[in-house]
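Each remark here refers to the structure printed beneath this line.
Computed from a predicted model, the values in this text were never measured in an experiment. Whatever order the structure lists them in is the order used to number ligands and atoms, beginning at 1. Hydrogens, waters and symmetry mates play no part in the numbers below; they use all other heavy atoms, side chains included.
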Amino acid sequence: MHKLFVSPEDIIENTVTVSGADVEHLHALRVREGDKMAISDGVGICYDATVTEVRKNSVSFSLTDGHPFENEPKIDITVYCALLKGGSNEDVIKQAVELGANKIVFFSSSNCIAEKREKSEKYAKTARQAAMQSGRDRIPEVVGGVSFNEMIEGLRAADVSAFFHEKAENPFYDVVSSKKDPRSAAFAVGPEGGFTDKEADIAIENGIPVVSLGKRILRAVTAPLCALSVLSCVYDR
Ligand code: SAH
């Protein structure tokens, strides 16, 4: 079911009215009075909602039962992705949100050819729309651009971490299957030109497993999708 996100303070006596870009989305879905939807407060409760009024610039709902979040993964996953060209960053955001990532962080590395231009607003909008479409309970956070070293620090802080390098031999699955019930996972995917061997050495020096996603070279947009599928198979059943 499509999901709407509101702030807890927007809910007044079991009713809520949305405006702005969400209304465009609801008009596109051809929402009518009496239709049922799910509305998340983004913090902890998801409500069963019924449309009570559809106007040009606003849509109102009455909220009935509230449930604790049910669609969030059991594990907190952060995707570190090198800044990519064209619209590829947006593609990574969409797919990562659908596949259960909790945070998507873009970083710069030696072979990045993408311009380092912050598009935080656009990224946040893409994450919000993907969360609505895929029925997430929470909107994942997107961070525009951190350094390679900050990415390494982020990987170090996670219970399960991986640095993907097409020259690596150890399979990602071996890292994942050797950790029981981790609370967090984080992995890094390189840019179109890949990571340099020196960058892979820095990961190794920091105790981060440098691992493979198989014998074929995946595009930078495909690698996060593959890694998230493995994580959800193992930890989110
Ligand atoms: N340097 C390569 C392609 C890089 S692919 C070339 O130009 O031929 C972009 C990123 O996807 C890599 O940096 C890596 O993080 C990830 N990746 C792609 N295929 C992979 C594989 N088989 N195993 C591990 N990581 C992979």
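- The distance from ligand 1 to the heavy atoms of Gly193 drops below 4.0 Å at these ligand atoms: 1 (N).
- Close contacts between ligand 1 and Val211 involve ligand atoms 24 (C) [criterion: under 4.0 Å to a heavy atom].
- Counting heavy atoms closer than 4.0 Å to ligand 1, residue Thr222 contributes nothing at all.
- In terms of protein heavy-atom proximity, atom 15 (O) of ligand 1 is closest to Phe164 O, 2.7 Å.
- Of the options Pro171, Pro191, Ala227, the smallest heavy-atom separation from atom 9 (C) of ligand 1 is shown by Pro191.
- Scanning Ser212, Ala162, Gly190, Ala82 for the heavy atom closest to atom 13 (O) of ligand 1 points to Gly190.
- Closest heavy-atom approach to atom 21 (C) of ligand 1 among the candidates Asn170, Leu213, Ile217: Leu213.
- For ligand 1, the atoms lying closer than 4.0 Å to a non-hydrogen atom of Leu218 are 5 (S), 11 (O), 18 (C), 19 (N).
- Every atom of ligand 1 with a heavy atom of Arg216 under 4.0 Å away is listed here by number and element: 19 (N), 21 (C), 22 (N).
- Looking only at heavy atoms of the protein, atom 7 (O) of ligand 1 is closest to Glu192 O, 3.6 Å.
- Contacts between Lys215 and ligand 1, counted as non-hydrogen atom pairs separated by less than 4.0 Å, are absent for every part of the residue.
- The Ala223 neighbourhood of ligand 1 comprises atoms 11 (O), 16 (C), with distances under 4.0 Å to a heavy atom of that residue.
- Looking at atom 20 (C) of ligand 1, its nearest protein heavy atom turns out to be Glu166 CB, 3.8 Å.
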